[in-house]
Amino acid sequence: MKNLKIKNILLYSCLLYTLVILSLSKPAFADTISTGGGNRIHFINLKSKSGSDAILLESNGHFGLIDMGEDYDFPDGSNPLYPDRWGISRENEDTIEDRLFRHLKQVGVKKLDFVLGTHVHSDHIGTADEVLKRYSVDRFYLKKYSDERITTQWRLWDNLYNYDNAVRTALERGVTLIQDISDQDSHFKLGDMDIQLYNYKNEYGPDGNLKRVYDDNSNSIVAVVNVAGKKIYLGGDLDNDQGAEDRLGPVIGKVDMMKWNHHYDATISNTVNFIENLSPSIVVQTSGADINRQSTTNLLREKNIQIIKAYSKTKDATVFDISDSGFSNVSDSFPDIPTVSEKWYKEDGYWKYRLSDDQMAIGWKKINGVYYFFNGQGQMQADRWLHLKDSKEKIDGNWYYLNNDGSMQVSGWFKHDGTWYYITWSGARTYNELAEIGGKKYLFDKDGKMLTGSQVFNGKKMFFASSGALQSDETGSGWQKIESNWYYFDEEGKQIVGKKEINGVTYYFDNKGVMQTGWALIEGHWNYFASSGAMKTGWIKDKDTWYYLDKEGVMLTGLQEIEGTRYYLNASGAMQTGWKWFDNHYSYFTSSGTMKTGWLKDKELWYYLDKEGIMQTGLQEIEGARYYLNASGAMQTGWKWFDNHYSYFTSSGAMKTGWLKENDLWYYLDKEGIMQTGLQEIDDTRYYLNASGAMQTGWKWLDNHYYYFATSGAMKTGWFKDKDTWYYLDKEGIMLTGLQEIDGSRYYLNTSGAMETGWKQLNGNWYYFQADGSLLRNGTTPDGYKVNQDGIWSLNPVKEDEVQGNQEDPKKDSDKPVDKEEKSADAQETSILKADKE
């Protein structure tokens, strides 16, 4: 019975142990997963290789969002303020709104201390209006924006749409909207986290409007987070188009973690200098794509920088715990994205479609072999023409027809409202062209309607039957002007398209046969055609900007040698003036565009560019003199610390050697220009230069000895007199003390080095040192006492004039020198030490 009880106890213990182990080994997911009192950073994961940013900061129960990611919503073109443009995101794989809100719920976020939009691109602030609607938010940081500031039209996208939605929602919800961010606003706390913003000022041009830029990436607000001894860089899509990386990199300095600028770009963003300045241990890419420059990838590998992609098919976020010991990836502690059955459902009177990851479908979706289109609210569109700037057929947009059941009209002939249209393989209708279908030609107008009867197309008269098929055409040749446009027809009456040389002059006709003027992109190159249509070569000036076109009329870019002179033509072809960063160096181009070499004075600073025009930095020998050009290239003057030493550069920039007097102090720099310190022999004379390099004069305690340096700085040796006191320094300059034999005579130098005269008791013996300090030997002192050959006064001294009278009592008190007090040897030594100190 006892054994049975023991067995039962053992079995129960094993079972209990097993249950404990199992409970520890399996992750248990609660409704919310939070650090509570700790610190975390959450990067919302991407679904596709394109980029999007939404980053949650968590510290001691406080939360903040930096960017909110691409949302479902997009403009449909119905509002002229927000036209449908090429490049607008309307695909589920680009959207992270569902992942953001699901993750915020898992973390248990109820309130956000702040929300920051780095810039107005939809992949950064698309979900801003939804965040502001769903959560209590204290502060919303967002710089000002207008479409007029963007110089490149094809980069307008849906910027204004997302910006207006965000600002309007913030005002409606009573959120504190900070758009003119002050220096005080730029620095704040989130729990334990210290957050400093950079690049937060709105920039204005001379006209008082926002400064014009290529696109809004260069306006990205940068947030640098310091917590638990770790420094994290979060810079949105910051790039170096306006030199922001060159300007901010040295200011921010080394960080531990860096969110990769602009997702995967390493051409305009994430320059080598910027990476060198930040030198992170971890780079987080908010995309699934690889960095687009292999040389940059190699640099990260060489610097042992870890690359982590916030990209996943199964997880909503990549999450790091932040502590003194570093970053710990805790993403696996969060649940996987749920999987549901795809299905149709109806909401607010519209049909919608639920995908397998529980998000609603937007944009085009193929369901059971049929294409449907869902708007930004997930509502299926039906019984209408749909216009999209998607370049499937035509770059300026395509039209699709959605039937009553929402299905896209398939290819072939299609009659609608009594008019015939032709739908291509992609689902887009044919328009504004003469198309061959089934071996016959048909003409479609700008709205895609099939035309019949007599028509003129590209300057050519044609006749179409009631079926729409071409019946006959009339031919002509030469130049023809039709509705203010010029066309050219060959001898067969065929309309010319493309480049054509006519009477020794080259012209260009677009795909409609219209003669082009101004800029034209031909076979991947830009050409320029005068108002007459003639192709230009050589230098041209367009809107106050110079361009160069070669003999083929091709606009050149990059560094070019033209008629023996070097110029730089940037990516737009515009001739560069001023400073330019390329090929990992700076060069300077004068107002005429010519590359500068040699010395250059710019804004009161001097720079030097070698024969290749490359701005030099560091220590350089130029025309026999050495100069130091700092990291910005500016010529150094005055003191400079580099290579673990100081050097001095004169007002001309030339490196100084030899003796230098500055602020009434002397310094010495050797032939390499290195400032010397310590004991130095210079021109056969020894000097002492202190830790700051200044030449020492007077007394100096060094290596447990005193030395003396004259006003010239030269180290003294031998006898010298200082303040009516004589001292002796040996050939090494060391001040001597004690009883010393010097030049055949003995002297006594006390502990302070001062030469003593008169009576002195040493080692129990009395000595007499004469007025010149030398020890009296075999003689009689001025006060009548005899000393032997060693200078020692006898233990029984007798004055010569008292020898006869005192023989009976030789040990009277007068036996000792009468001008000395009777003291023990110890007392005498104490007296000597005291006197020496005084």
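Residues take their numbers from the sequence shown, with the count starting at 1. Computed from a predicted structure; not experimentally measured.
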Checking side-chain polar atoms at under 3.5 Å, does [X] have a donor or acceptor matched by the opposite partner on [Y]?
X	Y	value
N219	D216	yes
S632	N630	yes
T118	D67	yes
H124	D237	yes
D94	S50	yes

Straight-line distance of [X] [atom1] to [Y] [atom2], nearest 0.5 Å:
X	Y	atom1	atom2	result
E93	S48	CD	OG	4.5 Å
D71	N165	CG	CG	8.0 Å
E552	T506	CD	OG1	8.5 Å
D53	S220	CG	OG	9.0 Å

query = What pairs of residues pass the salt bridge (charged side-chain N to carboxylate O under 4.0 Å, His left out) test when at least one of them lies in residues 147-163, not counting sequence neighbours?
reply = R85-D147, R155-D215
Which pairs with one or both residues in [range] pass side-chain hydrogen bond (donor to acceptor under 3.5 Å, both in side chains), sequence neighbours excluded?
range	value
residues 438-448	none
residues 523-535	none
residues 594-612	R566-E612, W579-D602, T590-T594, S592-T594, D610-Q616

query = Is T424 reaching over with its side chain to a backbone N or O of A428, donor-acceptor style, under 3.5 angstrom?
reply = yes
inquiry  = Please check: side-chain N/O of N240 versus main-chain N/O of E245, any donor-acceptor pairing under 3.5 Å?
reply    = yes
message = Between K144 and D180, is the salt bridge (charged side-chain N to carboxylate O under 4.0 Å, His left out) condition met? List the steps.
response = CA-CA 8 Å; K144 292 183 177 179; D180 290 306; 3.2 Å; yes
message = Per the ring-ring contact (aromatic ring centres under 6.0 Å, His included) rule, what does the pair list look like for residues 145-166, sequence neighbours excluded?
response = Y82-Y161, H121-W157, Y145-Y163
Taking everything shown except [X] itself, do over 12 heavy atoms lie less than 6.0 Å from its [atom1]?
X	atom1	answer
Y421	OH	yes
W413	CH2	yes
F414	CZ	yes

inquiry  = Between D542 and K536, does any side-chain N to carboxylate O distance fall below 4.0 Å?
reply    = no
message = Between K512 and E433, does any side-chain N to carboxylate O distance fall below 4.0 Å?
response = no
ask   = When you look at F444 and W420, which way does the ring-ring contact (aromatic ring centres under 6.0 Å, His included) test go after all the steps?
value = CA-CA 9 Å; F444 301 89; W420 284 99; over 10 Å; no
query = Think K580 forms a cation-pi with Y588, using NZ or CZ under 6.0 Å from the six-ring centre and within 45 degrees of its axis?
reply = no
request  = Using the six-membered ring of W385, assess whether NZ or CZ of R429 lies under 6.0 Å from its centre and within 45 degrees of the ring axis.
outcome  = yes
ask   = H416 vs Y401 aromatic rings, parallel, tilted or perpendicular, using cut-offs 30° and 60°?
value = tilted
Which donor-acceptor pairs under 3.5 Å do the side chains of residues 288-298 make with protein atoms, sequence neighbours left out?
{"unit_1": "D290", "atom_1": "OD1", "unit_2": "K309", "atom_2": "NZ", "d": "2.4"}
{"unit_1": "N292", "atom_1": "OD1", "unit_2": "A266", "atom_2": "N", "d": "2.8"}
{"unit_1": "N292", "atom_1": "ND2", "unit_2": "D265", "atom_2": "OD1", "d": "3.3"}
{"unit_1": "Q294", "atom_1": "NE2", "unit_2": "N298", "atom_2": "OD1", "d": "2.9"}
{"unit_1": "T297", "atom_1": "OG1", "unit_2": "R293", "atom_2": "O", "d": "3.3"}
{"unit_1": "N298", "atom_1": "OD1", "unit_2": "R301", "atom_2": "NH1", "d": "2.9"}
{"unit_1": "N298", "atom_1": "ND2", "unit_2": "Q294", "atom_2": "O", "d": "3.4"}

query = Is the centre of the Y507 ring less than 6.0 Å from the centre of the W479 ring?
reply = yes
Aromatic centroids of Y422 and Y431 separated by under 6.0 Å = no
query = Going through the distances and angles, do D207 and R212 end up as a salt bridge (charged side-chain N to carboxylate O under 4.0 Å, His left out)?
reply = CA-CA 11 Å; D207 59 357; R212 303 200 75 200; over 6 Å; no
